[in-house]
Amino acid sequence: PESSLPPSEDWFGALFQLRPAFFLAANLENTIEDCTNTRSDDFGFGQLNFRLGVLNNIELNAVVNPYNTDRSTHNYGVGSSSDYGFGDTVFGGKLNLWGNDAGDDVWATALAIQPQFKFATARDGLGNGHFEFSVAAPFLMNLPNGFHLSLQSGVASERNPSNSAYATAALGAIAID
């Protein structure tokens with residue numbers, strides 16, 4: 001049977017807008033936990049964020065942390081430990097409810113839902129060894145002169161600092177760039 005689509009239309013290409021992207025990052029974190037008198041210096045290098053646009057409004061992502069280090073100093077200098085290796089892996093996606101990263105027009109907006117799932121792939125001592133989940137709602141507005149306003153709120157189910165139970169955390173961020 002003949003197709004009802006004109007030969008010039010690629011229905012598969014129109015349905016699946018594959019736009020691969022790749023990001024490389026490094027991060028440094030310093031945390032002091034008052035309840036345990038522990039200072040933790042964490043460093044991650046080579047974080048790979050793979051993103052794939054599947055449809056015009058849906059994106060999938062995978063974040064791999066190939067090298068992390070953690071150095072913990074207990075009781076403010078009395079005893080320390082360190083570990084290094086492969087970190088946790090995150091899979092997630094983004095569903096644009098309207099807009100698509102807001103386009104280029106001034107005052108254009110975009111809103112999305114962005115779930116993320118963390119799987120415990122880190123060695124003991126680097127990760128907490130547990131699954132974690134978050135969902136956020138990023139909002140973007142283009143401002144005059146090429147600036148952007150980003151607002152993001154969300155909720156996460158994460159392990160508590162002593163890693164003995166799950167805790168619910170509120171997420172929030174505001175940025176102008």
Rounded distance (nearest 0.5 Å) linking atom CZ of F91 with atom CZ of F117: 11.5 Å
Hydrophobic cluster partners of V90 (side-chain heavy atoms under 4.5 Å): V63
For G129 against A120, the heavy-atom pair lying closest together: C-CB, 3.4 Å
Contacts of type side chain to side chain contact (heavy atoms under 4.5 Å, CB included), residue N128, not counting sequence neighbours: K118, H130, E132, R159, N163
Side-chain heavy-atom pair F139, S150 within 4.5 angstrom cut-off: no
Return a table of donor-acceptor pairs under 3.5 angstrom between the side chains of residues 164-177 and protein atoms on other chains or two or more places apart.
from, atom 1, to, atom 2, distance (Å)
S164, OG, N160, ND2, 3.1
S164, OG, S162, OG, 3.1
Y166, OH, F131, O, 2.7
D177, OD1, H148, ND1, 3.3

Derivation of the side chain to side chain contact (heavy atoms under 4.5 Å, CB included) call for D88 and F119: CA-CA 6 Å; D88 290 323; F119 293 90; over 6 Å; no
Spatial distance of atom CG (N96) from atom CD (Q114) [nearest 0.5 Å]: 9.0 Å
L140 CG to L149 CG distance, which is reported to the nearest 0.5 Å: 7.5 Å
By side chain to side chain contact (heavy atoms under 4.5 Å, CB included) - contacts of L60 (at least two apart): V54
Where at least one partner belongs to residues 163-172, residue pairs that pass salt bridge (Lys or Arg N to Asp or Glu O under 4.0 Å), sequence neighbours excluded: none
T121: side chain to side chain donor-acceptor pair (under 3.5 Å) partners, not counting sequence neighbours: T89
Donor-acceptor pair, side chain of N65 and main chain of Q47, under 3.5 angstrom: no
Close side-chain approach of I113 and V135, heavy atoms under 4.5 Å: yes
CZ (F147) with more than 12 external heavy atoms under 6.0 Å: no
Pairing residues for Y84 by the ring-ring contact (aromatic ring centres under 6.0 Å, His included) criterion, not counting sequence neighbours: none
Distance in Å, L95 CG paired with I58 CD1, rounded so as to fall on 0.5 Å steps: 5.5 Å
Partner residues of Q116 under the side chain to side chain donor-acceptor pair (under 3.5 Å) criterion, sequence neighbours left out: N61
Minimum-distance pair of heavy atoms, taken over all atoms of L126 and F86: CD1-O, 3.8 Å
Exercise: identify the closest heavy-atom pair between G85 and R123: CA-CD, 4.2 Å
